[in-house]
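One structure is given below, encoded as structure tokens.
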Amino acid sequence: MPDSPAPRALRLGIAGPVGVGKSTLIATACRALAGEIALGVITNDIYTDEDARFLRSAGVLDPERIRAVETGACPHTAIRDDVTANLLAVEDVERDFAPLDVVIIESGGDNLTATFSPALVDAQIFVLDVAGGGDVARKGGPGIARADLLVVNKTDLAPYVGVDVAQMVQDASDARDGREVLALSRTDPDSVARLKSWILDMLAAHRSGEHEPQDPGPMAPHFHADDSEAGGYLHSHDDGGAEHVHAHAESR
């Protein structure tokens, strides 16, 4: 009887605003997991491969396992509206290094409402950091409220920015109706171990069929300025994809 094919890798999205430490979180996860499972990484930047170069230079994986997608547009476009470039990059790295266990896809930095399409990822982590302010978790949004895991990152910086980590985690838990929140610092072995355990548990659930990809919901409408007569357009998202509605920019 022929051997059954290896299960497809878990595709894990990492999203969050600019500067919250998504690339460092990925480096931390790769260091913790690389000795146990086979990993690949896809990064997203608008015009560069900066995040991929950072991860390669960190030596966390074979450099060929880290691929860059230059989106040329708003980060959410390539992780939700048209995932083709990312999906091709994922399939390429899965083919080149088969069998992989997990492929991590890092979104370019966006706003609090950016989420991955379930057509691209099986599970997603949304990342905040204490330096963004202790109140940010209360502001909500689909990523904060409904991602599979919310990470409050850089907790080691809390004393320097006047943030109460326990309160920020409680606010985040309230915003998520009790869904899991992880307070993380790359310098804290216990929190890194919890991140590692969460990823391994998600991988096991993916393989067993117990986990079904969820759609946290579309981004909130947001305005893109351009040189058109209207001054830009309102970009809204729905279940059918992106819809562009031209609108006049507000006078300032």
Side-chain angles (χ1 to χ4, degrees), residues 10-17 19-22 24-26 28-29 32-33 76 79-80 102 104-107 109-159 161-186 188-220 237-239:
L10 170 69
R11 298 169 180 175
L12 177 62
I14 311 291
V20 295
K22 297 184 294 296
T24 302
L25 182 152
I26 291 170
T28 299
L33 290 163
H76 59 263
I79 66 168
R80 186 168 186 92
V102 177
I104 300 173
I105 302 118
E106 178 187 6
S107 169
D110 211 304
N111 60 40
L112 292 178
T113 63
T115 59
F116 285 85
S117 167
L120 177 60
V121 302
D122 303 301
Q124 49 193 297
I125 297 174
F126 198 83
V127 186
L128 302 175
D129 76 314
V130 299
D135 64 339
V136 69
R138 297 197 297 271
K139 297 182 178 180
I144 290 174
R146 295 186 293 277
D148 297 279
L149 175 67
L150 179 66
V151 169
V152 175
N153 202 17
K154 307 181 190 177
T155 56
D156 51 301
L157 300 182
V161 294
V163 169
D164 182 333
V165 173
Q167 184 61 56
M168 189 172 179
V169 169
Q170 183 59 57
D171 290 343
S173 296
D174 292 343
R176 288 172 57 75
D177 294 327
R179 294 181 182 89
E180 190 166 359
V181 179
L182 172 62
L184 178 69
S185 167
R186 65 185 178 88
D188 173 31
D190 288 342
S191 66
V192 173
R194 289 195 293 275
L195 175 64
K196 173 183 175 180
S197 178
W198 185 90
I199 295 173
L200 290 175
D201 287 347
M202 181 58 69
L203 174 59
H206 167 70
R207 285 175 168 169
S208 69
E210 294 175 11
H211 174 75
E212 294 185 6
Q214 302 296 314
D215 187 353
M219 293 181 66
H237 302 247
D238 57 29
D239 291 339

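Computed from a predicted structure; not experimentally measured.
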Residue that, paired with L128, satisfies side chain to side chain contact (heavy atoms under 4.5 Å, CB included) out of V151, N153, L150 | L150
Using residues 131-144 as the side-chain source, report each donor-acceptor pair under 3.5 Å to any protein atom, sequence neighbours left out, with the distance given to one decimal.
residue : atom : partner : partner atom : Å
R138    : NH1  : D171    : OD2          : 2.8

In L120, I105, V102, the residue satisfying side chain to side chain contact (heavy atoms under 4.5 Å, CB included) with R11 is I105
Heavy-atom side-chain contact between M168 and D164 under 4.5 Å | no
Donor-acceptor under 3.5 Å (R176 side chain, A147 main chain) = yes
Is there side-chain contact between L195 and L182, with heavy atoms separated by less than 4.5 Å?
-> yes
Quick one: does L33's side chain get under 4.5 Å of I199's, heavy atoms only?
-> yes
Are the side chain of T28 and the backbone N or O of R186 linked by a donor-acceptor pair below 3.5 Å?
-> no
In terms of heavy-atom contacts, V192 and A32 come closest through CG1-CB, 4.2 Å
In chain order, what residues pass the side-chain contact (heavy atoms from CB on, under 4.5 Å) check against V165, with sequence neighbours excluded?
-> V130, T155, A158, V169, A183
Report yes if the side chains of K22 and L25 come closer than 4.5 Å at any heavy-atom pair, otherwise no.
-> no
Are L12 and I125 close enough that some pair of their side-chain heavy atoms sits under 4.5 Å apart?
-> yes
Do side-chain atoms of Q124 reach the backbone of I14 as a donor and acceptor pair under 3.5 angstrom?
-> no
Measure from the side-chain N and O atoms of D122 to the backbone N and O of L10, and report whether any donor-acceptor pair falls under 3.5 Å.
-> no
Under 3.5 Å donor-acceptor, T24 side chain and G21 backbone = no
Start with the C-alpha gap between S185 and D188, add the side-chain angles, then the distance that decides, and say whether side chain to side chain donor-acceptor pair (under 3.5 Å) holds.
-> CA-CA 5 Å; S185 167; D188 173 31; over 6 Å; no
In this structure, CD of E210 is separated from CE of M202 (nearest 0.5 Å) by 10.5 Å
Hey, is R179 close enough to D174 for a salt bridge, meaning N to O under 4.0 Å?
-> no
Does the side chain of P17 reach to within under 4.5 Å of the side chain of F126, using non-hydrogen atoms?
-> yes
Trace of the salt bridge (charged side-chain N to carboxylate O under 4.0 Å, His left out) decision for D215 with R80 | CA-CA 10 Å; D215 187 353; R80 186 168 186 92; 3.1 Å; yes
Is there a side-chain contact between D148 and H211, using heavy atoms and a 4.5 Å cut-off?
-> yes
Grab the two heavy atoms, one from F116 and one from A15, that are nearest each other, plus how far apart they are.
-> CE1-CB, 3.6 Å
